[in-house]
Amino acid sequence: MTTIMTTAAAGADDFRDALIRHGLLIPMGVDGLYGRSGVFEDVVERFNALVTAAGQRDRAEVMRFPPALNRRHFEESGYLESFPQLAGTVHSFTGGEADHRALLKRVAAGEDWTAGQTATGVVMTPAACYPIYPTLAARGPLPAEGALVDVYSYCFRHEPSLDPARMQLFRMREYVRIGTPEQVTAFRSDWLERGEALMRSLGVPVTVDLANDPFFGRAGRMLAANQRDQGLKFELLIPITSADKPTACLSFNYHQDHFGLAWDLRTADGDLAHSACVGFGLERVALALFRHLGFDPQGWPAPVRSVLWG
């Protein structure tokens, strides 16, 4: 079994180089942007199927969205208040022929040509669950049992890095529970146990710890402290590029009534809905498997292969 987990100090760039050398990631000339090989994609698809099986008994409503979000919904979500540094907008050319000639001239001269682009009505999706809340709010009050949604999407966060576990474009699978505080906190507690058991079945070292989101600025530090104090976010951590700073591969989040307030999403009793989610970083889990089990899945331990491939 080939693995580069030889020392705790093995760096992110070393692991990235090894993934490229083994043909698992395809560099695209921008930090955090990669193509994936068939082997890499097979592992992602097998794990995604495992997540489906783990949540099948819950009979969640399946929703699939493109990796772009209605800009108005994005603005209403409050994302820019907390994470402006991660947001990605979509711009396009809207000029006339003279503008086009000027654009081509700048391109030919190696100059910046993007100033003439205009913001469109869509932005890049920052988290798979974001389109769910306005979709449910448009239906009216939730039923008495609340809602449970299975969602999967490519997501974008502007976070260029040589760490392969911090991709700018990555896939996120989520189960999202919306309803009363009691309904959503019970859901999160259940998935804290289920998520850890699922990952332990794959033979990788895991820990679950209290966490906070990367809120922006001085006010963000207060938000992060409050998030930790209230126990709103937990992460399942696996060492990937650093033994000292393991990577969050699953997250368990209680949003309280944040999204209920944003879209006036109500329970059957007319109260503001609360929400919680469990999120699976599919690329990160695949990377954790390659890191700890080796670069060739054919050589992975039989129990792990049985879990993933049957």
Side-chain angles (χ1 to χ4, degrees), residues 1-6 9-51 64-69 83 85-91 114 122-128 130 151-174 199 202 204 214 235-243 245-251 279-300 304 308:
M1 181 171 61
T2 303
T3 172
I4 66 165
M5 203 62 177
T6 54
D13 52 348
D14 294 332
F15 185 45
R16 173 184 178 272
D17 291 346
L19 291 163
I20 293 170
R21 190 168 61 251
H22 285 82
L24 294 166
L25 291 184
I26 304 166
M28 298 178 66
V30 175
D31 293 344
L33 189 65
Y34 303 98
R36 286 84 161 168
S37 73
V39 173
F40 192 100
E41 287 300 287
D42 188 39
V43 171
V44 167
E45 289 174 9
R46 296 291 179 171
F47 178 70
N48 190 42
L50 186 64
V51 174
R64 299 292 184 260
F65 296 97
L69 184 65
F83 315 109
Q85 77 280 18
L86 302 179
T89 57
V90 179
H91 290 63
T114 60
V122 299
V123 299
M124 301 298 289
T125 300
Y130 269 57
V151 65
Y152 174 33
S153 178
Y154 256 101
C155 301
F156 172 87
R157 293 178 188 172
H158 183 244
E159 200 173 14
S161 172
L162 289 176
D163 182 349
R166 305 202 76 82
M167 296 183 182
Q168 293 198 67
L169 277 160
F170 55 92
R171 282 162 289 189
M172 185 183 296
R173 177 77 180 272
E174 294 189 55
M199 293 308 302
L202 297 177
V204 292
E235 292 177 334
L236 185 143
L237 306 169
I238 304 174
I240 297 180
T241 59
S242 169
K245 295 182 178 179
T247 299
C249 294
L250 278 68
S251 64
F280 302 82
L282 300 188
E283 277 84 3
R284 286 186 173 184
V285 170
L287 290 169
L289 292 170
F290 287 120
R291 172 62 127 161
H292 290 277
L293 305 181
F295 296 109
D296 181 5
Q298 294 295 326
W300 290 359
V304 176
L308 290 172

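Not measured: the values here are computed from a predicted model.
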Original post:
Would F15 and F290 count as a ring-ring contact (aromatic ring centres under 6.0 Å, His included) if you check the C-alpha gap in whole Å, the side-chain angles of each, and the deciding distance to 0.1 Å?
Top reply: CA-CA 10 Å; F15 185 45; F290 287 120; 8.4 Å; no
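- Side-chain N or O atoms of R166 include none that pairs as donor or acceptor with a backbone N or O of G32 at under 3.5 Å.
- For R157, there are no salt bridge (charged side-chain N to carboxylate O under 4.0 Å, His left out) partners at least two apart in sequence or on another chain.
- Checked against M172 for a side-chain contact (heavy atoms from CB on, under 4.5 Å), the options P126, C155, S251 give a single hit: C155.
- The distance from atom CG of L86 to atom CE of M124, rounded to the nearest 0.5 Å, is 13.0 Å.
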Subject >> CA sep, side-chain torsions, deciding dist, call: I238, T247, side-chain contact (heavy atoms from CB on, under 4.5 Å) >> reply: CA-CA 5 Å; I238 304 174; T247 299; 5.9 Å; no
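- Here the shortest heavy-atom pairing between L202 and L293 reads O-CD1, 3.8 Å.
- Taking CZ of R173 as the reference point, atom OG of S153 lies at 12.0 Å (rounded to 0.5 Å).
- Atom CZ in F65 sits 15.0 Å away from atom OH in Y152 (nearest 0.5 Å).
- Looking only at distances, a side-chain donor or acceptor of E174 sits under 3.5 Å from a matching main-chain atom of A128.
- Taking all atoms of both residues into account, the shortest heavy-atom contact from L169 to R36 is O-NH2, 3.1 Å.
- Annotation: side chain of P164 is in contact with side chain of T241 (closest heavy-atom distance under 4.5 Å).
- For V44 against A286, the heavy-atom pair with the smallest separation is CG2-CB, 3.9 Å.
- Minimum interatomic distance between A18 and F295 (heavy atoms only, all atoms of both residues): CB-CZ, 3.7 Å.
- Between P239 and the choices H292, R291, K245, the side-chain contact (heavy atoms from CB on, under 4.5 Å) rule is met once, by H292.
- Rounded to the nearest 0.5 Å, atoms OH (Y34) and CG (L19) are 8.5 Å apart.
- Contact check for H158 versus F83: no side-chain heavy atoms found under the 4.5 Å cut-off.
- Taking the side chain as every heavy atom from C-beta outward, L50 and R46 never approach each other to under 4.5 Å.
- In plain terms, the two heavy atoms of R16 and P27 that are nearest each other are NH2-CB, 4.3 Å.
- Within the 4.5 Å cutoff, the side chain of V43 has no heavy atoms near those of the L24 side chain.
- Here the side chain of T125 pairs a donor or acceptor atom with the backbone of A68 at under 3.5 angstrom.
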Subject >> M199 vs F47, side-chain contact (heavy atoms from CB on, under 4.5 Å): CA-CA, chis, key distance, verdict >> reply: CA-CA 10 Å; M199 293 308 302; F47 178 70; 3.8 Å; yes
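- Side-chain contact check for L308 versus P297: every heavy-atom pair is 4.5 Å or farther apart.
- The side-chain hydrogen bond (donor to acceptor under 3.5 Å, both in side chains) test applied to D13 returns no partner, not counting sequence neighbours.
- Between the CG atom of L69 and the OG1 atom of T89 there is a distance of 12.5 Å, given to the nearest 0.5 Å.
- In this structure, CG in L25 is found 9.0 Å from CD in E283, a value given to the nearest 0.5 Å.
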**OP:** Evaluate the side-chain contact (heavy atoms from CB on, under 4.5 Å) criterion for residues C249 and V204: first the C-alpha distance (whole Å), next the side-chain angles of each, then the deciding distance (0.1 Å), finally the verdict.
**Re:** CA-CA 11 Å; C249 294; V204 292; over 6 Å; no
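- Between the Q168 side chain and the V30 main chain, no donor and acceptor come within less than 3.5 Å of each other.
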Subject >> side-chain contact (heavy atoms from CB on, under 4.5 Å) assessment of L250 paired with V285 >> reply: CA-CA 8 Å; L250 278 68; V285 170; 4.3 Å; yes
